[in-house]
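See below for the structure under consideration.
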There are 2 protein chains.
Amino acid sequence: MARLAGVSRATVSYVLNNTSAVRISEPTRRRVREAAKELGYVPHAAARSLRAGHSRMVLMPAPTVPVGPLYGRFINELQWALGRLDYTVVQYGTVGVHGDEAVRAWAELRPVAILAPGSGLDARGVAVLRRSGARAVVTLGPEAVEGAHALLMDHETVGHCAGRHLYDRGRRRIGVVVPREPGLGVFSGPRLEGVRRAVRGTGATVTELPLAYEEAAAARLAARWRELGLDAVFAYNDEYAMLLMRALQDEGIAVPGETALIGADDLMLGRLLRPRLSTVRIELPSGRDLAELVDRAVRDPAAPPERRTVLGAAVVHRESS
Amino acid sequence: MARLAGVSRATVSYVLNNTSAVRISEPTRRRVREAAKELGYVPHAAARSLRAGHSRMVLMPAPTVPVGPLYGRFINELQWALGRLDYTVVQYGTVGVHGDEAVRAWAELRPVAILAPGSGLDARGVAVLRRSGARAVVTLGPEAVEGAHALLMDHETVGHCAGRHLYDRGRRRIGVVVPREPGLGVFSGPRLEGVRRAVRGTGATVTELPLAYEEAAAARLAARWRELGLDAVFAYNDEYAMLLMRALQDEGIAVPGETALIGADDLMLGRLLRPRLSTVRIELPSGRDLAELVDRAVRDPAAPPERRTVLGAAVVHRESS
DNA sequence: TTGAAAGCGATACCAA
DNA sequence: TTGGTATCGCTTTCAA
């Protein structure tokens with residue numbers, strides 16, 4: 001590269017980085033630029049960050065559980081916002097790698113910041129990451145981790161909203177669907193707990209309803225519905241709600257007449273059901289806000305960990321409850 | 001690190017990489033391992049790959065358009081399979097960055113392979129990537145790109161299946177939903193074309209139906225349904241099909257009596273509708289196969305580009321058609 | 001069995 | 001205005 005332009009590697013570096021401390025003549029700049037174009041030269045990020053001692057990479061371990069369209073939009077927005085702040089967002093696939101091993105794999109890349117969704121990170125993990133040069137570690141999940149900033153997304157709130165709503169509508173025997181699918185426990189556990197809290201001390205009952213995401217399983221559950229004696233159910237989310245609604249209706253159980261039904265996530269499909277599905281709308285943090293938090297944390301790595309509750313939940317009342 | 005264990009950096013490298021060419025005494029190994037643990041030492045991937053001259057990173061530009069749950073599962077499987085072959089999969093968020101700029105950003109990371117979904121890559125881009133050291137470039141999309149391996153996922157097949165099915169069921173005036181959402185054109189265009197091909201020369205007509213993913217838009221379309229005089233519709237996918245089905249039914253149009261309806265993707269929600277939704281099941285390539293293709297390409301970078309059609313489509317006939 | 005040293009590519013300082 | 005050179009952290013060859 002340097003040879004082709006007939007200049008030194010240093011000069012190449014100056015030109016391509018527009019280094020203002022050094023003045024390079026216009027003809028030289030042109031020669032360098034042309035040579036770069038001709039060779040298809042692209043600088044080597046690893047070499048650069050090795051020399052610089054830091055990178056602009058924000059690493060996000062990709063969640064292993066299938067997660068809805070809301071999350072996808074959130075990620076996209078976040079990437080865009082971080083991109084505007086000149087960070088490079090990289091999603092790291094961590095399927096089949098756990099705990100310490102995963103943390104080490106992340107640390108090897110020496111990202112300037114880590115945004116870890118879910119709960120795969122403990123205080124030791126945070127320490128390893130910080131020692132390896134990460135200037136910010138942010139967790140997105142139900143609980144804060146020592147030493148890391150936390151965006152608290154506690155799905156307990158979601159359950160609480162749903163439970164409260166059903167209780168307010170006069171329901172007293174409330175079922176809560178708990179998906180059997182592995183990996184969803186981090187969400188379903190807190191949601192169930194939220195419903196419990198909503199009716200605590202009222203005499204209303206809460207019944208856990210394990211359910212696999214299959215028609216046959218829903219049919220079996222519906223078949224013993226009357227003996228369960230429930231007058232309402234929080235179906236975990238809109239998709240499970242749709243599954244259960246069809247099964248209940250096939251069984252001749254009126255929704256909401258005999259059993260009220262509420263989902264969560266406010267997906268389009270809920271609006272299209274008959275009856276239209278009541279749901280808990282979940283508000284994820286704005287990508288821009290989160291990007292700013294990351295940027296602040298990177299600029300001031302010594303600042304005390306911030307913990308912010310960012311998961312909003314609100315009932316959207318339609319026809320099914 | 002080396003100091004703490006009282007050995008040289010070389011020895012540390014030997015121990016942590018289990019270098020078999022060199023014998024290190026057991027006590028030394030222990031000392032090194034303990035020091036590493038105590039310090040939370042993690043090797044520096046950039047330095048390593050700089051020295052080695054290559055990495056094991058497989059880079060996947062993340063698709064910018066919201067894409068369904070099928071794709072998510074495919075990615076997960078692929079990551080797992082590539083992980084088993086000792087590659088590191090990294091999804092690179094490319095929102096708001098285009099063409100050359102994006103290619104350069106990818107090339108900076110010097111990945112050993114690139115898996116590019118969609119159509120953001122041209123022959124020049126491939127050349128830049130290869131010159132920058134990528135041993136394999138694989139595109140996942142509707143058409144092959146010069147110099148790159150191609151997994152041809154031509155959605156024309158999907159439309160063809162749907163069109164053929166509707167024609168075989170005796171329908172002659174076929175509507176095709178084309179989402180207004182930007183970014184979906186890469187899929188909807190070929191699907192529409194596939195329907196056209198299916199009925200070419202038969203006298204059956206194909207009508208393009210632009211539709212936004214909103215209830216109001218669907219209602220407007222349904223309101224003028226009778227004047228369109230269609231007896232069948234391919235609704236792009238199951239979600240649009242659900243949207244349209246509700247709107248048609250609200251308008252008093254019988255499905256499938258007056259208008260047959262078919263979706264695509266074979267989502268659970270289609271099975272739960274009344275009538276149950278006919279659909280085109282799409283079969284993505286298996287992650288394991290793709291991982292093996294990548295591995296082969298990396299091992300033999302000079303091999304001629306392989307192009308393989310990997311998108312299977314089959315009608316699942318239910319009640320709506 | 002271990003250590004010293006070269007070198008990967010880019011940057012930044014200092015000298016020319 | 002430019003070029004030489006040390007440096008980042010790691011691997012690997014060669015020598016001790």
Side-chain angles (χ1 to χ4, degrees), chain A residues 1-33 35-36 39-57 88 104-112 128 131-135, chain B residues 1-33 35-36 39-57 86 88 104-105 107-112 128 131-135:
Chain A
M1 163 68 206
R3 251 200 304 278
L4 186 89
V7 299
S8 78
R9 303 179 328 169
T11 308
V12 171
S13 175
Y14 293 142
V15 172
L16 297 182
N17 293 301
N18 284 315
T19 309
S20 51
V22 186
R23 306 226 162 282
I24 306 282
S25 69
E26 203 39 60
T28 306
R29 305 182 92 90
R30 247 206 322 280
R31 275 217 313 287
V32 171
R33 291 231 172 77
L39 292 174
Y41 169 84
V42 176
H44 193 305
R48 167 181 291 161
S49 66
L50 182 58
R51 172 63 232 238
H54 61 259
S55 72
R56 296 287 288 175
M57 182 198 298
T88 286
R104 298 171 64 90
W106 306 339
E108 285 196 352
L109 297 178
R110 296 291 192 278
V112 68
V128 169
R131 260 202 302 269
S132 80
R135 294 167 67 88
Chain B
M1 163 71 207
R3 252 200 304 277
L4 187 89
V7 299
S8 78
R9 302 178 330 167
T11 309
V12 172
S13 176
Y14 292 142
V15 172
L16 296 183
N17 293 300
N18 281 317
T19 309
S20 51
V22 188
R23 308 227 160 279
I24 306 280
S25 67
E26 202 41 57
T28 306
R29 304 183 92 90
R30 245 206 324 278
R31 274 217 314 286
V32 171
R33 291 232 173 77
L39 291 174
Y41 170 84
V42 176
H44 193 305
R48 167 184 288 161
S49 67
L50 184 58
R51 169 67 228 231
H54 61 259
S55 73
R56 297 287 288 177
M57 183 197 298
D86 204 34
T88 285
R104 297 171 64 90
E108 284 197 352
L109 297 178
R110 295 292 192 278
V112 68
V128 169
R131 262 202 302 269
S132 80
R135 294 167 66 88

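Only heavy atoms go into these numbers, but all of them, side chains included; no hydrogens, no water, no symmetry mates. All chains are named by letter (A, B, ...) in the order of the sequence lines, taking the proteins before the strands, and each is independently numbered beginning at 1.
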Next on the checklist: Please encode protein proximity along nucleotides 6-16 of chain C as a string of B, S and -, counting only heavy-atom distances under 4.0 Å.
Outcome noted: BBBBBBBB---
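A search for side-chain hydrogen bond (donor to acceptor under 3.5 Å, both in side chains) contacts involving Ser55(B) returns nothing, not counting sequence neighbours. Remark: Thr88(B) pairs with no residue by the side-chain hydrogen bond (donor to acceptor under 3.5 Å, both in side chains) rule, at least two apart or across chains.
Two residues are said to be in side-chain contact when any heavy atoms from C-beta on lie closer than 4.5 Å; Arg29(A) and Asn18(A) meet this criterion. Looking only at side-chain heavy atoms (C-beta outward), Val42(B) and Arg131(A) stay at 4.5 Å or farther from each other.
Environment of CZ in Arg104(B): sparse, with no more than 12 heavy atoms of neighbouring residues, nucleotides or ligands closer than 6.0 Å.
Residues Thr19(B) and Ser13(B) approach most closely at OG1-O, 4.2 Å, considering heavy atoms. The shortest heavy-atom contact between Val128(A) and Gly40(B) is CG1-O, 4.3 Å. Closest non-hydrogen pair, Val7(A) versus Arg31(A), comes out as CG1-NH2, 3.6 Å.
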Pairs under 3.5 angstrom only: tabulate donor-acceptor contacts from the side chains of residues 45-54 of chain A to other protein residues two or more places apart or in another chain.
| residue | atom | partner | partner atom | Å |
| --- | --- | --- | --- | --- |
| Ser49(A) | OG | Ala45(A) | O | 3.3 |
| Ser49(A) | OG | Ala46(A) | O | 3.4 |
| His54(A) | ND1 | Ala52(A) | O | 3.4 |

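Residue Ser49(A) is classed as having no contact, given no heavy-atom separation below 4.0 Å to the nucleic acid.
If you take NE2 on His44(A) and CG on Leu109(B), they are separated by 9.5 Å, rounding to the nearest 0.5 Å.
The bend of the helix from dT1(C)-dA16(D) to dA16(C)-dT1(D), defined by the angle between the axes of its first five and last five pairs, stands at 50° to the nearest 10°.
Running 5' to 3' along DNA chain D, contacts with non-hydrogen atoms of chain B at under 4.0 Å begin and end at dG9(D) to dT13(D).
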